[in-house]
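Have a look at the structure below, then the notes.
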2 protein chains.
Amino acid sequence: MENKTPVTLKFLAEKLKMSVSTVSKALNNYPTINEYTKKRVQEMARDLRFTPNKSAINLKERKSRIIGIILPNLLDQYFTRSIAGVEQFAMQFGYNVIISQSHDEFEKEKQLADMLLKSRVDGLIIAISKETQDFNHLYQFEHMGIPVVYYARNPSFNLNCHKVLGNNFQGAYLATQFLIQRKHQKIAYLGGPKMINFTHDRFNGYINALKDNGVSFNTELVAYTDFNKENTIKAIQNLFSHPENLPTALVAFKEPILFDAIKYLKSINHPNFSQIECIGFGNNAFISYLDTPPVASVEENPESVGENAIKLLLQLINKEIELDHYQKIMVDCKLVVH
Amino acid sequence: MENKTPVTLKFLAEKLKMSVSTVSKALNNYPTINEYTKKRVQEMARDLRFTPNKSAINLKERKSRIIGIILPNLLDQYFTRSIAGVEQFAMQFGYNVIISQSHDEFEKEKQLADMLLKSRVDGLIIAISKETQDFNHLYQFEHMGIPVVYYARNPSFNLNCHKVLGNNFQGAYLATQFLIQRKHQKIAYLGGPKMINFTHDRFNGYINALKDNGVSFNTELVAYTDFNKENTIKAIQNLFSHPENLPTALVAFKEPILFDAIKYLKSINHPNFSQIECIGFGNNAFISYLDTPPVASVEENPESVGENAIKLLLQLINKEIELDHYQKIMVDCKLVVH
DNA sequence: TTGTACGCGTTATCAG
DNA sequence: CTGATAACGCGTACAA
């Protein structure tokens, strides 16, 4: 099946003994083209499987109808779920989506940003890597008039940018309040890496829920970990090391980490294990398979976060919102009781 | 920050009072350009943040250095894991990757294929949707000389194409053999949707392991389900409905389904529950949190499947392998004991 | 060593 | 109703 000559407009035109412009117009259903001519052209195009070259169109139109997404990790369900929200809306408005993962590395993120810039995406949605402190690779986009929406992960506080974020404060507040209503007074908080700045918001939600409900706060009930299992165990050991302040409940910043914690407590046969009630962020589908599941989960609605991000981005692309009129959208969490 | 004039080669040339071609050559480090000129051009390009327009280059070079990936679902860890293998290798050879999900719908898959075709990807890696029977949308690629590698999911038997598949036969064989070695004689097989054709391979692996080890086969020990929990429960009820043929072990085609099965058996307090040993395909990371985990998992090495797919695709792109010299690569599974 | 001219595939303008 | 022509941004033979 030789294919020396790609099927282009010119090729069709030669076959049909017409001009390239007529062929183009016929295919695009211009009203000024004779019906019979249209038929001929369109049939020939179909038979020869003519496929318009998007690069040529992009070049001409000076836009690509492509949205770029950069996210840290496709193995994290939060992000894959968020994509669904983006995709659906983008498609609906005639945009395609390029998904790429930074693996939480700054260098990789920069590389991906450059590639998307060269591809002249019409907009970028990004959840920054945990290493990202410098934003030059992203400023470039705005410098070229390409809108960027930061989502899921909050960049440094004083950065002027468009953001769509989960309401971490409210999520942690809900969780803590729920546990208080279940008569817990010693509620521990297990936080995440401090450089991920939603850690603070969640902590504040926890603190405020305590305060608003008249439960006293105790630093012995707070510990931090990262995504490393051993560090989580250390943190848990810490939390449970004060006999006069033994936690009866636990709020954790992320579910898999919570699972590690539960597993550990169970493994050491913690005396009050069966009374301890836990809540984590995530609402992982696997919870239904656990024998000692968390009492509830903070559902972060990542699809909705993605949807809000793409909606905002499309408004920016269509200039319904000024590029430098920075928006901040918060998506509320929901408490799901198991 | 106005940006009326996009920074193009022409723009740079005017600024520098040189010709466009000189600028182009300088940026591409042509040996025929004076060192001093190069310096000037490159500095100016950097200062003005010149970013080459990929559409223009694609048009000129008649290729995009982009690989398209279509897969059914980003929520399935098998597929997201497989992407890692593809990405790494593609990047290394200067290719970028466009990931898109068909949501296991034929129409969506067709739509995505068309868009990738228009984008003139240099190659396509696809795990077909479960609805895909017709392959015209994929033939188009080969018709235009663009190689396609089918991976993870096996298209209909008599389709001539390049394939990279998990060795499902071997995986099921390993699992069954392992259970036999642990003295099981009544090993049930829980298969998946019949239209997903690896179901047959796995069943054959099961059968052959039985035969090779002198264990008799019994149809009462075989049932099929899909991804619906209720159907799984029905299948399990079926398997355990013959008192004279009660399974003591179970091989399941996919882990989440196996978890449903285990959960059900536990919920009804099946008398010999604690003796039953199970193995499923997947090796899900959450297994470590289960109280009654499968005794082992069939690790399908999706990263390796992805890696083999991209390697093959690159060979096809580089014409190291003829487009119509169809290849079939099998990636072995590994048994992981928990 | 640098510049000129052309073409990649498409669409839009304007003339016929 | 149809066709010639220019332009989008870039790379490269060929000319100077």
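Computed from a predicted model, the values in this text were never measured in an experiment. So you know, we letter chains A, B, ... as the sequences are listed, proteins then strands, and number each from 1.
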All N/O donor-acceptor pairs, side-chain side in residues 85-94 of chain A, below 3.5 Å, sequence neighbours left out:
unit_1: A:Glu87; atom_1: OE1; unit_2: B:Gln101; atom_2: NE2; d: 3.1
unit_1: A:Glu87; atom_1: OE1; unit_2: B:His103; atom_2: NE2; d: 3.4

Between atom CD in B:Glu14 and atom C1' in C:dG3, what is the gap in whole Å?
15 Å

Anything under 30° is parallel, anything over 60° is perpendicular, the rest tilted; go ahead and classify A:Tyr326 against A:His162.
tilted

Run the salt bridge (charged side-chain N to carboxylate O under 4.0 Å, His left out) check on B:Glu43 and B:Lys39 step by step: do they pass?
CA-CA 6 Å; B:Glu43 274 174 18; B:Lys39 282 270 180 294; over 6 Å; no

To the nearest 10 degrees, how far apart in direction are the end axes of the helix from C:dT1-D:dA16 to C:dG16-D:dC1, each fit to five base pairs?
50°

What is the distance, to the nearest angstrom, from the OH atom on B:Tyr36 to the C1' atom on C:dT2?
15 Å

I'd like to know if B:Lys10 pairs up with B:Glu14 as an ion pair, taking the criterion as any Lys NZ or Arg NE/NH1/NH2 lying under 4.0 Å from an Asp or Glu carboxylate oxygen.
no

Starting at atom CD of A:Glu35, determine the distance to atom C1' of D:dT2, rounded to an integer number of angstrom.
15 Å

Greater than 12 external heavy atoms within 6.0 Å of B:Glu322's CD
no

Given atom CE of B:Met18 and atom P of C:dT4, what is their separation to the nearest angstrom?
12 Å

Residues A:Thr51 and B:Gln140: side-chain donor-acceptor under 3.5 angstrom
no

Rounded to whole angstrom units, what separation is found between the CG atom of A:Asn58 and the C1' atom of D:dA7?
15 Å

A:Lys38, NZ atom: more than 12 neighbouring heavy atoms under 6.0 Å:
yes

Taking NZ from A:Lys118 and P from D:dG9, how many angstroms apart are they, rounded to a whole number?
17 Å

What integer distance in Å separates A:Asn29:CG from D:dT2:C1'?
16 Å

Starting at the 5' end of nucleotides 9-16 of chain C, put B wherever the base has a protein heavy atom under 4.0 Å, S where only the sugar-phosphate does, and a dash everywhere else.
BBBBBB--

Which value, rounded to the nearest 0.5 Å, describes the distance between B:Ile98 atom CD1 and B:Ile125 atom CD1?
12.5 Å

Given C:dT2, is OP1 or OP2 found less than 4.0 Å from the side-chain N or O atoms of B:Thr22?
no

Output the distance between atom CD (A:Glu109) and atom CD (A:Gln111), rounded to the nearest 0.5 Å.
11.5 Å

Separation of atom CZ in B:Arg65 from atom P in D:dC10, rounded to whole Å
18 Å

